[in-house]
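This one's a predicted model, so the numbers in the text were calculated from it and none came from an experiment. Within every chain, numbering begins at 1; the chains are lettered A, B, ... in the order of the sequence lines, protein sequences first and strands thereafter.
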Amino acid sequence: MSNLLAHLNEQQLAAVTLPPQHALILAGAGSGKTRVLTTRIAWLISTGQVSPHGLLAVTFTNKAAREMLTRLSGMLPVNTRGMWIGTFHGLANRMLRAHHRDAGLPHTFQILDAQDQLAAIKRLLRALNVDDEKFPPKNVQHFVNAAKEEGRRAKDVEAWDDYTRRMVELYAAYDEQCQREGVVDFAELLLRSHELLERNQLLREHYQARFRHILVDEFQDTNALQYRWLKLLAGESAVMFAVGDDDQSIYAFRGANVANMAAFEREFRVANLIKLEQNYRSQGNILDCANALIAHNSRRLGKNLWTDAGEGEPVRVHESMTDAQEAQWLVEEIRALVAEGGSRSEVAVLYRSNAQSRVIEHALFSSGIAYRVYGGLRFFERAEIKHALAYMRLLENPDDDGAFLRVVNFPARGIGARTLEALQDAARAGGCSLFAAIPTLGGAAAGKLGAFAQLVGRLRAETQAMPLTDMVEHLIDRSGLLGHYRAEREGQDRIENLRELVNAAAAFLAEEGIGRDVPANLGVSGVQGAPGDSAVLDADAPGAARITPLAAFLAHASLEAGENQAGEGSDAVQLMTVHAAKGLEFDAVFITGLEEGLFPHENSIAEPEGLEEERRLMYVAITRARRRLYLSFSQTRMLHGQTRYSLRSRFLDELPPELLKWLTPRQPAAPAAYREGWGGAWEGFGRQGAPRRARAGDDDTGRLSGAEQRAAQRFDRGVAFRVGQSVAHARFGEGVIVGIEGSGDDARVQVNFGREGLKWLALSVARLEPVG
DNA sequence: TCGGTTCAGAGTATT
DNA sequence: TCTGAACCGA
């Protein structure tokens, strides 16, 4: 055990060995957070304070959960398989599977991912004849999820106008549809398990007594429902150990509520608040930049990172004329890094929004530098995979109309829209699922639908006793999917993905410790016993409902969409958004596009607290770097087909100048009043130095491409009217240019005329005279 | 059922 | 500018 605690610093040690009282650990970036969390678990178990069975540890991502399990197995000779360590959704799913009857769910309930949910909502809106102009499916989806994440059912949502009232009705109708079809969405997993515990006193008391210790990772990312779920599970007796960093809270936009940290401290009367501030990742200058930046935020819990690794190199700053030149500079710099012996995979290029990757990818591709972009479609989200899964789901649960509609005519079986409309009418009339309505149908359509029903029946019979992998293989073939893609010109990739699905099933069985020969439809423990019997209080008890390999695999496919990066393992430069970089670290990091309007993003500035979240995002970005950090921005950028002119990000000017090394001449900062778009001090604008003009030799090749020349020319014309310049207009009087958009005849400027307000003026129309 | 055209919209994202 | 979705004609 002394081994376990070796090499922990004072604060880490204090956190790991805290007495059994509620604790909040403020863990700064790179301070060994995961280590503390896992060592705490190992310590609790190895000192006999709790059995592996008596603790619950929860994370947000499968990756984090896996990491915790892996590290734990390395520390303790313990079988982690049965332990309640997982994601919020994974654990909620586990509980609902075991107590499905008490939770009011069929034992075959399926999980809808975001895609499935949207499809279900579209279907609902069509069935109800809702005008999807007024009620776009995406808005309904957002409304439903936001309500569920607040812990509210439709009946609990206050409708204060016609629009909200209709939304609430749609929410209720959506929930009814889900219940009818035996499906639950992500938010529903948590809400349903919360309701289960809330209503069922026996179960609640049982789990409250069982879980003596509850440990929570990334606490700053919890939403209202997750916090309530934790509180309910903890009851009066469990010990909570929450780890988080308010400075790294970057998910408010998806419901995360940092205030949960303060609420936790207050409501649980947390006596132990420990700050982990020693950073083991970055060198001093990088940390000092991060600290200086985040100090501009208010309402922090307060934390300052430090290191004993030395100050290291200065932070490099680069300004370019165009986004293409920024990318070109990046290429040269990466080349130099690699020439010095750095590895490409230790270089990360970060950006605020995905659209920025294109220019960078283009430059990297043209110069033959291997790169890898994070984000995009993941394995289980691919259309062909979802088709295959839909067949499997239909075997499990024929009432799953979503799965039915996905494959009833795929591959094509001549079952068109009209047939399905008739079927839908029949189902509605009979109050049953589409599948169940097939026998009630007459006419020519009945034949084709009947054949499909027979196909499903045949597939079910054929795969009845098969192990999971054989079942998948059988289904992708006999459903006609393979044949369909074989006939398709570009179907080869899809066929490979379908074959990969068989491997994924095999890998899943291995990971879960399920024998390869176990029939897919058999309860895993072999005990079908009393599925969901109310008398069985514990999910792990022998008589509790057992999940079949097939059901487990389908849940896995929904809860873990799989990898989304190609070329794993190859030595490639890593491209990703700042959000995607959270939790990762690299020797060298480029933060690109540091421009007002982009980072901080313009949309965020209007949001309450938006700017502070952007600043935290910048903080996360900076703290990804171990040794070398580059910050870059461009004067112009192609956005939505138009050249945009922007000033450098305020975040650059919030960093201590003495820590920065400008690779291009440093220009005066933009006046703060410009950023607000308003303000008293705008007289000062006229005296601002002109933005740096394009100079030959700015780029490393010494030549400008055609596109770059055109952009540069446009820029030169734009300079005549530059941001910050004072201008006069015949009617509106004097004002200051605060924005420029477009070029040539399309060029428009936004002018702040003070009392007359902000106006957009087309340069080809409006007469604007420079002043001063 | 396909391929083409047209149109709107373009922030970050896990489960 | 570019993408994805929706729509229409063969």
Side-chain angles (χ1 to χ4, degrees), chain A residues 58-65 86-93 111-119 122 132-133 136-138 142 145 148-149 184-191 217-218 221-223 225-226 249-256 323 350-359 362 374-378 380-381 409-417 484 487-489 555-562 564 576-583 593 597-607 610 613-614 616-618 620-621 637-644 707 711 742-743 746:
Chain A
V58 63
T59 64
F60 278 85
T61 65
N62 293 296
K63 199 177 157 202
T87 63
F88 278 101
H89 296 85
L91 297 180
N93 175 55
I111 301 167
L112 301 185
D113 67 15
Q115 231 181 85
D116 301 331
Q117 185 189 32
L118 187 62
K122 283 181 180 167
D132 59 5
E133 299 260 300
K138 283 221 171 85
H142 183 260
N145 288 338
K148 288 189 178 183
E149 281 162 14
V184 299
D185 58 53
F186 285 135
E188 182 73 23
L189 284 170
L190 274 167
L191 183 52
D217 190 19
E218 305 275 18
D221 288 339
T222 51
N223 63 31
L225 178 57
Q226 285 157 343
S249 158
I250 56 172
Y251 285 115
F253 72 90
R254 68 171 199 214
D323 47 356
L350 309 185
Y351 35 79
R352 176 64 179 77
S353 67
N354 286 304
Q356 289 166 251
S357 77
R358 283 212 10 241
V359 184
H362 178 76
Y374 282 69
L377 260 200
R378 302 190 302 178
F380 285 109
E381 291 167 355
N409 197 34
F410 195 96
R413 301 184 174 95
I415 300 172
H484 171 87
E488 212 174 51
R489 266 163 293 155
H556 165 83
S558 302
L559 291 175
E560 189 165 0
N564 58 1
M576 65 191 87
T577 63
V578 180
H579 283 91
K582 190 176 171 218
L598 194 59
F599 198 179
H601 197 278
E602 55 196 350
N603 295 358
S604 73
I605 293 177
E607 291 168 5
E613 178 143 323
E614 294 287 302
R616 291 191 291 269
L617 195 52
M618 179 69 181
V620 167
R637 183 174 296 276
M638 270 307 233
L639 208 67
H640 309 332
Q642 295 219 296
T643 307
R644 258 198 27 171
S743 59
D746 295 331

Exercise. Are the ring of F253(A) and the six-membered base ring of dT12(B) within the stacking cut-offs of under 5.5 Å and under 30°?
Worked result: yes
Between [X] ([atom1]) and [N] ([atom2]), how many Å, whole number?
X       : N       : atom1 : atom2 : answer
K148(A) : dT15(B) : NZ    : C1'   : 14 Å
M576(A) : dG11(B) : CE    : C1'   : 18 Å
L598(A) : dT12(B) : CG    : P     : 10 Å
K63(A)  : dA13(B) : NZ    : P     : 14 Å
D217(A) : dT15(B) : CG    : P     : 13 Å
K582(A) : dT15(B) : NZ    : P     : 12 Å
F380(A) : dT14(B) : CZ    : P     : 16 Å
R644(A) : dA10(B) : CZ    : P     : 14 Å

Partners meeting side-chain contact (heavy atoms from CB on, under 4.5 Å) with [X] (sequence neighbours left out):
X       : value
R413(A) : Y391(A), N409(A), P411(A), I415(A), F452(A), L455(A)
A252(A) : E613(A)
T61(A)  : K63(A), A64(A)

Considering every strand and a 4.0 Å limit on heavy-atom distances, what is the contact class for [X]: base, sugar-phosphate, or nothing?
X       : answer
E149(A) : nothing
D113(A) : nothing
Y251(A) : sugar-phosphate
N409(A) : sugar-phosphate

Seminar exercise, completed: What one should report as the nearest heavy-atom pair of G86(A) and A65(A) is CA-CB, 3.9 Å
Exercise. Between Q356(A) and S353(A), is a side-chain hydrogen bond (donor to acceptor under 3.5 Å, both in side chains) present by the stated rule, with each step listed?
Worked result: CA-CA 6 Å; Q356(A) 289 166 251; S353(A) 67; 3.2 Å; yes
For this session: Between S558(A) and S353(A), name the one whose nearest nucleotide on DNA chain B is closer to the 5' end.
Result: S353(A)
Seminar exercise, completed: The residue, E560(A) or H579(A), whose nearest nucleotide of DNA chain B is more 5′ is H579(A)
Exercise. How far does the C1' atom of dA5(C) sit from the matching atom of dT12(B), given to the nearest Å?
Worked result: 22 Å
Exercise. How far does the P atom of dA13(B) sit from the matching atom of dG4(C), given to the nearest Å?
Worked result: 16 Å
Exercise. Listed by chain and number, what are the side chain to side chain donor-acceptor pair (under 3.5 Å) partners of N354(A), not counting sequence neighbours?
Worked result: none
For this session: State which residues pass side chain to side chain donor-acceptor pair (under 3.5 Å) with S558(A); sequence neighbours excluded, sorted by chain then number.
Result: none
Problem set entry | Phosphate OP1/OP2 of dT14(B) contacted by N62(A) side-chain N/O (<4.0 Å) | no
Exercise. Within less than 4.0 Å of OP1 or OP2 of dT14(B), is there a side-chain N or O belonging to N223(A)?
Worked result: no
What's the closest nucleotide to the [X] side chain, out of [options]?
X       : options                   : answer
H89(A)  : dT15(B), dT1(B), dG11(B)  : dT15(B)
R254(A) : dT15(B), dG11(B), dA13(B) : dA13(B)
T577(A) : dG11(B), dT1(B), dA13(B)  : dA13(B)

Problem set entry | Reading 5' to 3' through nucleotides 1-10 of chain C, protein heavy-atom contacts under 4.0 Å coded B for base, S for sugar-phosphate only, - for none | BS---S----
Problem set entry | Heavy-atom donor-acceptor pair, Q356(A) side-chain to dG11(B) base, under 3.5 Å | no
For this session: Spell out yes or no: do the side chain of E607(A) and the base of dG11(B) have one donor N/O and one acceptor N/O closer than 3.5 Å?
Result: yes
Exercise. Are F253(A) and H601(A) close enough that their ring centers fall under 6.0 Å?
Worked result: no
Exercise. Would you call D113(A) and R378(A) a salt bridge, using N to O less than 4.0 angstrom?
Worked result: no
